[in-house]
Enquirer: 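Please find one structure pasted underneath; my questions will follow.
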Amino acid sequence: MFDWVVSTIESWGYLGVLMLMVAENVFPPIPSEVIMPLAGFLAGSGRMSLTLTILVGTIGSVLGTLMWYYIGLWFGEERLKRFAARHGRLLTLSPSDIDAAHEWFQRHGAMAVFFGRMIPAIRTLISVPAGLARMPMWKFLLYTVIGSALWTGVLTFAGLMLHENYALVADWVDPLSKLVVVAVVAIYLYRVVTWKPH
């Protein structure tokens, strides 16, 4: 996958960065930790503009998250509650849990979206509860854009500073990403095993 990302950006330039960042949010195994540092390295070598690279990467990231937001919006909280009433163990949630989660998201959703955009594996998933909670689009976009721009900027600057060693960014972030995924799966399995109907 690494070689494919490299060849896509080198062949397509800004359009390649845009498409890869959209795909990264739709299909998480494509890592932004490889895409943006490489783009930062190319910006540092004069082949791309740093500002435009960060802007295009941010736009791609935001466009990718919108699909998951609309999936949450389309599915809706009431449908999720009906599903939870029938298949509670599968979701490890009861309808009352969903009500509690909705209330929490109403209070803290903006910060969850903002910080979630900077956490590997979570940055894609955080859009779904935002849609389920019917977070206003302007608020979702505001915190998504700010969080995405910050994350994209950090990765791009890392690639710029590391020069030819830009791949080291992925070497550092990838284990963290895998750890987050393992922790999420472990928590889910624990909840499935210990779940009891309310």
Side-chain angles (χ1 to χ4, degrees), residues 1-71 110-128 130-131 137-184:
M1 183 174 290
F2 181 85
D3 292 336
W4 174 69
V5 168
V6 171
S7 65
T8 300
I9 295 178
E10 289 183 334
S11 301
W12 293 83
Y14 299 113
L15 182 59
V17 172
L18 179 72
M19 291 189 305
L20 287 169
M21 289 301 285
V22 170
E24 186 255 347
N25 285 274
V26 173
F27 187 66
I30 300 174
S32 61
E33 298 84 10
V34 172
I35 300 165
M36 296 314 302
L38 169 59
F41 163 66
L42 294 175
S45 63
R47 284 180 273 177
M48 297 174 76
S49 159
L50 180 63
T51 303
L52 195 53
T53 297
I54 294 173
L55 178 62
V56 168
T58 300
I59 292 171
S61 182
V62 172
L63 288 176
T65 64
L66 285 174
M67 185 195 82
W68 293 107
Y69 173 86
Y70 280 114
I71 286 174
M111 288 298 100
V113 170
F114 172 72
F115 287 109
R117 295 302 304 151
M118 293 175 275
I119 301 174
I122 299 299
R123 60 176 166 266
T124 297
L125 301 176
I126 195 63
S127 303
V128 177
M137 176 58 75
W138 69 267
K139 183 181 284 189
F140 174 75
L141 283 177
L142 175 65
Y143 288 97
T144 297
V145 167
I146 296 172
S148 297
L150 189 55
W151 178 249
T152 301
V154 166
L155 291 178
T156 306
F157 273 107
L160 181 72
M161 301 304 292
L162 289 170
H163 305 293
E164 291 86 352
N165 298 313
Y166 65 86
L168 289 174
V169 178
D171 292 340
W172 281 93
V173 180
D174 190 53
L176 173 61
S177 180
K178 287 184 172 67
L179 185 63
V180 170
V181 172
V182 169
V184 168

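This is a predicted model, so every value here is computed, not measured.
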Enquirer: What closest approach, in Å, do A130 and V113 show between heavy atoms, and which atom pair accounts for it?
Expert: CB-CG2, 4.2 Å
Enquirer: Quick check: are there more than 12 heavy atoms from other residues, nucleotides or ligands sitting under 6.0 Å from CE of M161?
Expert: no
Enquirer: Restricting to non-hydrogen atoms, name the atom on A39 and the atom on V17 that form the minimum distance, rounded to 0.1 Å.
Expert: CB-CG2, 4.0 Å
Enquirer: Could you state the interatomic distance from CE (M118) to CG (L150), rounded to the nearest 0.5 Å?
Expert: 5.0 Å
Enquirer: Could you give the distance from CZ (F114) to CD1 (I126), rounded to the nearest 0.5 Å?
Expert: 13.0 Å
Enquirer: Considering only heavy atoms from C-beta outward, does the side chain of I35 approach that of M19 to under 4.5 Å?
Expert: no
Enquirer: Between CD1 of I59 and OG of S148, what distance do you get to the nearest 0.5 Å?
Expert: 11.0 Å
Enquirer: More than 12 heavy atoms of other residues, nucleotides or ligands under 6.0 Å from CZ of F157: is that the case?
Expert: no
Enquirer: Return yes if some donor-acceptor pair links the side-chain N/O of W68 with the main-chain N/O of N25 below 3.5 Å, else return no.
Expert: yes
Enquirer: Roughly how far apart are E24 CD and T65 OG1, rounded to 0.5 Å?
Expert: 10.5 Å
Enquirer: For the pair T58 (side chain) and I54 (backbone), establish whether a donor and an acceptor sit closer than 3.5 Å, ignoring hydrogens and angles.
Expert: yes
Enquirer: Per the side chain to side chain contact (heavy atoms under 4.5 Å, CB included) rule, which among T53, L15, L38 passes with I9?
Expert: L38
Enquirer: Can you list the residues that meet the ring-ring contact (aromatic ring centres under 6.0 Å, His included) rule with Y69, with sequence neighbours excluded?
Expert: F140
Enquirer: Which heavy atom of M111 sits nearest a heavy atom of Y143, and at what distance?
Expert: CE-CE2, 3.5 Å
Enquirer: For the atom pair CH2 (W12) and CG (L18), what is the distance rounded to the nearest 0.5 Å?
Expert: 12.0 Å
Enquirer: Return the OG1 to NZ distance between T144 and K139, rounded to the nearest 0.5 Å.
Expert: 12.0 Å
Enquirer: Measuring only between side-chain heavy atoms, which start at C-beta, is R117 closer than 4.5 Å to S61?
Expert: yes
